Amino acid sequence: MEKVERRVIEPMTEVNLERTHQWFNRSVHRLGTRLQLLFLHKGLLYVLIGFLLGRALILTEVLPFALPFFGAVLLMKKDKALFSSLALISGAVTISWQTSLFVTASILIFLIMKKVISLFYKDKMKALPFVVFISMMLTRIGYFYLQGSLTLYDYMMAGVESGLAFILTLIFMQSLPLISARKYKQSLKIEEIICIMILLASVLTGFVGVTYQELQAEHILSRYIVLLFAFIGGSSIGCTVGVVTGLILSLANVGNLYQMSLLAFSGLLGGLLKEGQKFGAAIGLLIGSLLISLYGEGSNDLMINLSESLIAIGLFLLTPKAITNKLAKHIPGTNEHTQEQQQYVRKIRDVTAHRVDQFSQVFHALSESFVTFYEKSEESEDQRGTDLFLSTITEKTCQTCFKKERCWVQNFDTTYDFMKTIMHESKQNTYHSNRKLKKEFERYCSKPKKVEEAIDQEINYYDANEKLKEQVQESRRLVAEQLMGVSQVMEDFAKEIKRERENHFVQEEQILEALQSFGIEIGHVDIYSLEQGNVDIEMSIPFCNGHGECEKIIAPMLSDILEESVIVKHEECSSYPNGYCHVSFGSSRTYRVDSGVAHAAKGGGLVSGDSYSTIELGFGKYAIAISDGMGNGVRAHFESNETIKLLQKILQSGIEEKVAIKTINSILSLRTTDEIFSTLDLAIVDLQDATCKFLKIGSTPSFIKRGDTIMKIQASNLPMGIIDEFDVDVVGEQLKAGDLLIMMSDGIFEGPKHVENHDLWMKRKIKELETMDPQEVADLIMEEVIRTRAGKIEDDMTVVVAKIDHNTPKWASIPTSKHYKKQNVM
């Protein structure tokens, strides 16, 4: 019974703890929201800052903070200006009634001068610092005048105070939006951080004179702020904040001059020890306080300084982690800021991928709508066309017949079937030979000859209309395929955008250890992909002085570790000896293609109607294309060259080969009404497995030489541009290392004179070749064809030869320990 109760109580306790945790988080969030509303929306923040700045003094008599703060609030938060002015005056009252009168007078003179200057200059933001300068100058000179005669010292102090007010106005204009905005910027610049620090240090001067048992409030709060920023931003930020805060506090009270050294040194140590979390940063402040306090006068000052530091450390340890994390997001160089930036970039990436995916879906929907319309309309169009044809025949023949009622009312189905059968027989030119059907129709119809003549006349129009409809339907289907191709490309692009860099921390450490065990110094290793055939690794290595360590040592070692050929894809060498070189490694292709081309224009001219191209598609594929424009000369060259350029751009975009060719055909057929056509011979070789796709549009056969075996590749398609739509036959072939792929235009294939069987002649000549060099093979074939013509070139000639070979790396792999092999790395 106790066990059962315990089992029931334990889950209930866990549930209660979870609910308590959720309730606490909601309460903290609700409290934070209310405090933010109270401080920012209601203006309590401006009241607190105003009250403290009203108390802030420099050199016991200079008041440069109050008026710049009021001017900045009046410019940016006009609805909070009244509360801010009252807070400034209230803070000044705690110093003396003369100080409060001075602050009040400076505010009134500022309002008057602002009104006067606005009549001549409309840009309030640019005019504000000058208005503050003039107002402060007039107020201070007037104050000195009322006390007695003016001296040079008085004018000098007035100028110093006015100059400080001018500078502080610019600083407050930068810093107030940063601390009062509900949503901060993504990150803060160092200048903006310093502006905020000057504002906070100015506010801290308002605590001068607030003491308890010789513990000074400005010392405690300044150390707390320095400790907080040193922990968040590191030693550079901590030291900067310490110098700025200590400088302003020392100006407010000459006795605080040593505080600048204490705060700067404590900020430096706290930042250096931040890896020890909060306690590490706190120890940095204690050490700094202890060392600086040793210059004091006796143990009394030492104990007071340590007590102030301990209180600041207590406040720091009580600061919630949520506050430090939120502040760290806006300081460059912190992990939180980096994560925030990465999250922002990831969000932009996701939005972009989502938009691309939406466009892909739109194109997909458009494609489906075209296909659906094509499939649905095909059946309905046939029936509608038949009905329209028969109604036209009936109108010409049966409307004036006396048997109309008997045929189309009493025997509608029989009459309709007769007419429909005769129509189909006439379309196939079999009606006049079908004696049985003719006799039955003559017995049924009273005017058979007239009906037959009308059908013969109308059938020509019907056939023309049907051909036009077929062309429209085929055009719709072509558009649907093209839209589907674009949709697929955009979908693949969206998936590529969504791919994140995978985490390969363990693999990075293993590769780093393997390389360092050989004595190779490595800065860092970043693995982006270890996929077979798609390895992507980046490294930084010390300056190698051009010795090629990456290509000769590191890449061969990676090849052995990953058990595939790895090469240097990109290398960016350091510009100075002590720097680092950044290198990118990737998988090499399993196969490589070496090509050779022989090309000649008709009659030895300069312009050939043939065009060719070898294209690196960027997807691990290699394309070879030959296009032959109809005829010779400039126009043929233009057609074939346009075909090759269109093919290259469309294939490199990632669209499937069939869709690419159909798109080019539609462009060529719609671009001109002239009878200018072009052929296309395309071979696409996959460099990973050596498979090859052949797409032949009106082109001559291609040949593959494998040892003594000659294979012929052929397909039957009309040249591009002759018809609007055609089916592309794709012929696939598995190539092997050492194969020769020979592609040619009709000028080469049909060029030999007095040859009846061009296939056998070409196979024999290719078989007799003793060389395997692609360029030599192309030259020899061209030479053999020209010899048969007695040295004359009677047509444009192009032959492209490609040799498939294993891609052997330049450097052999360097064996490493079995401990680092791919099964462990992966």
Side-chain angles (χ1 to χ4, degrees), residues 589-601 608-617 621-628 640 644 647-648 651 679-687 690-697 699-715 731-752 755 758-789 793 795-808:
R589 306 303 182 190
T590 308
Y591 295 88
R592 61 184 175 87
V593 176
D594 296 326
S595 60
V597 180
H599 190 59
S608 171
D610 295 348
S611 296
Y612 65 91
S613 179
T614 54
I615 313 166
E616 181 70 44
L617 297 183
K621 295 182 179 180
Y622 190 87
I624 306 168
I626 299 177
S627 180
D628 183 4
S640 62
I644 292 294
L647 178 69
Q648 181 171 350
L651 286 179
T679 67
L680 179 64
D681 193 0
L682 175 64
I684 299 178
V685 182
D686 192 324
L687 299 179
T691 57
C692 185
K693 292 181 181 179
F694 294 91
L695 294 91
K696 293 183 171 293
I697 313 299
S699 60
T700 58
S702 298
F703 298 90
I704 298 174
K705 182 181 181 184
R706 182 175 299 161
D708 293 333
T709 305
I710 309 298
M711 293 176 284
K712 176 184 173 183
I713 307 298
Q714 188 172 9
V731 179
E733 188 67 39
Q734 178 64 55
L735 301 181
K736 296 182 179 180
D739 286 355
L740 278 181
L741 172 60
I742 303 169
M743 301 168 61
M744 62 194 71
S745 64
D746 58 352
I748 293 289
F749 184 72
E750 300 174 357
V755 174
H758 295 93
D759 285 351
L760 291 177
W761 185 88
M762 188 59 67
K763 286 183 178 179
R764 180 169 58 85
K765 289 298 179 182
I766 294 174
K767 188 175 183 179
E768 291 175 353
L769 294 173
E770 296 181 359
T771 179
M772 294 297 288
D773 181 80
Q775 187 58 54
E776 292 181 3
V777 171
D779 293 336
L780 288 173
I781 292 174
M782 174 76 73
E783 184 179 350
E784 286 289 337
V785 173
I786 294 175
R787 279 180 180 178
T788 62
R789 290 284 180 176
I793 303 175
D795 194 5
D796 298 323
M797 296 182 180
T798 302
V799 55
V800 180
V801 181
K803 184 179 180 182
I804 314 300
D805 270 327
H806 286 297
N807 187 21
T808 306

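Counting from 1, the numbers follow the sequence of the chain as shown. These figures come from a predicted structure and were not determined experimentally.
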**Q** By side chain to side chain contact (heavy atoms under 4.5 Å, CB included), which residues pair with K705, not counting sequence neighbours?
**A** I710, L740, I766, L769, M772
**Q** Please name all residues satisfying salt bridge (Lys or Arg N to Asp or Glu O under 4.0 Å) with D759, sequence neighbours left out, ordered by chain then number.
**A**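 D759 satisfies salt bridge (Lys or Arg N to Asp or Glu O under 4.0 Å) with K712 once adjacent residues are dropped.
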**Q** What are the two closest non-hydrogen atoms of G596 and Q775, and how far apart are they?
**A** CA-OE1, 3.3 Å
**Q** Output side-chain donor-acceptor pairs under 3.5 Å for residues 798-806, partner residues at least two apart or in another chain, one line each.
**A**
from	atom 1	to	atom 2	distance (Å)
T798	OG1	H599	ND1	2.8
T798	OG1	D610	OD2	3.2

**Q** Can you give me the closest heavy-atom contact between L735 and R706, atom names plus distance?
**A**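 The answer is CA-NH2, 3.8 Å.
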**Q** Indicate the atoms forming the closest heavy-atom contact of P774 with S595, along with that distance.
**A** CB-C, 3.8 Å
**Q** What are the two closest non-hydrogen atoms of A683 and M743, and how far apart are they?
**A** CB-SD, 3.7 Å
**Q** Roughly how far, to the nearest 0.5 Å, is the CE atom of M744 from the CD atom of E750?
**A**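 Nearest 0.5 Å value for the CD-CE distance: 11.0 Å.
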**Q** My understanding is that only residues two or more places apart in sequence, or in another chain, count here; which of them pass side chain to side chain contact (heavy atoms under 4.5 Å, CB included) with E768?
**A**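 Side chain to side chain contact (heavy atoms under 4.5 Å, CB included) list for E768, sorted by chain: R764, K765.
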**Q** Counting C-beta onward and ignoring hydrogens, is there a side-chain heavy-atom pair between M762 and I742 closer than 4.5 Å?
**A** no
**Q** Does D796 reach the main-chain N or O of S608 with its side chain, forming a donor-acceptor pair under 3.5 Å?
**A** no
**Q** Can you tell me how far apart NZ (K763) and CE (M711) are? Round to the nearest 0.5 Å.
**A**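 Going from the NZ atom of K763 to the CE atom of M711 covers 10.5 Å.
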**Q** Would you name the heavy atoms of T788 and P752 that are closest together and state the gap between them?
**A**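 In this case the closest contact between T788 and P752 is OG1-CA, 3.2 Å.
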**Q** Distance from T700 atom OG1 to H758 atom NE2, nearest 0.5 Å?
**A** 11.0 Å
**Q** Applying side chain to side chain donor-acceptor pair (under 3.5 Å), can you list everything that pairs with T691, at least two apart in sequence or on another chain?
**A**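 Side chain to side chain donor-acceptor pair (under 3.5 Å) list for T691, sorted by chain: D689.
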**Q** S613: what forms a side chain to side chain donor-acceptor pair (under 3.5 Å) with it, not counting sequence neighbours?
**A** none
**Q** Of all heavy-atom pairs between A601 and I793, which one has the smallest distance, and what is that distance?
**A**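 For A601 and I793, the tightest heavy-atom pair comes out as O-CG2, 3.3 Å.
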**Q** At what distance, to the nearest 0.5 angstrom, does NZ of K767 lie from CZ of F703?
**A** 14.0 Å
**Q** Who are the side chain to side chain contact (heavy atoms under 4.5 Å, CB included) partners of I713, not counting sequence neighbours?
**A** F694, K696, S702, I704, V731, E733
**Q** Please enumerate all residues that pass side chain to side chain donor-acceptor pair (under 3.5 Å) together with D746, with sequence neighbours excluded.
**A**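 Partners of D746 by the side chain to side chain donor-acceptor pair (under 3.5 Å) criterion come out as none, since no residue qualifies.
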**Q** With sequence neighbours left out, write down each residue that passes side chain to side chain donor-acceptor pair (under 3.5 Å) with E776, or none if nothing qualifies.
**A** T771
**Q** Drop me the distance from D686's CG to Y591's OH, to the nearest 0.5 angstrom.
**A**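 Interatomic distance, D686 CG to Y591 OH, rounded to 0.5 Å: 10.0 Å.
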**Q** For the pair R589 (side chain) and N807 (backbone), establish whether a donor and an acceptor sit closer than 3.5 Å, ignoring hydrogens and angles.
**A**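 Pair absent, no side-chain N/O of R589 close to backbone of N807.
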**Q** To the nearest 0.5 Å, what is the distance between CD on E616 and CG on L687?
**A** 6.0 Å
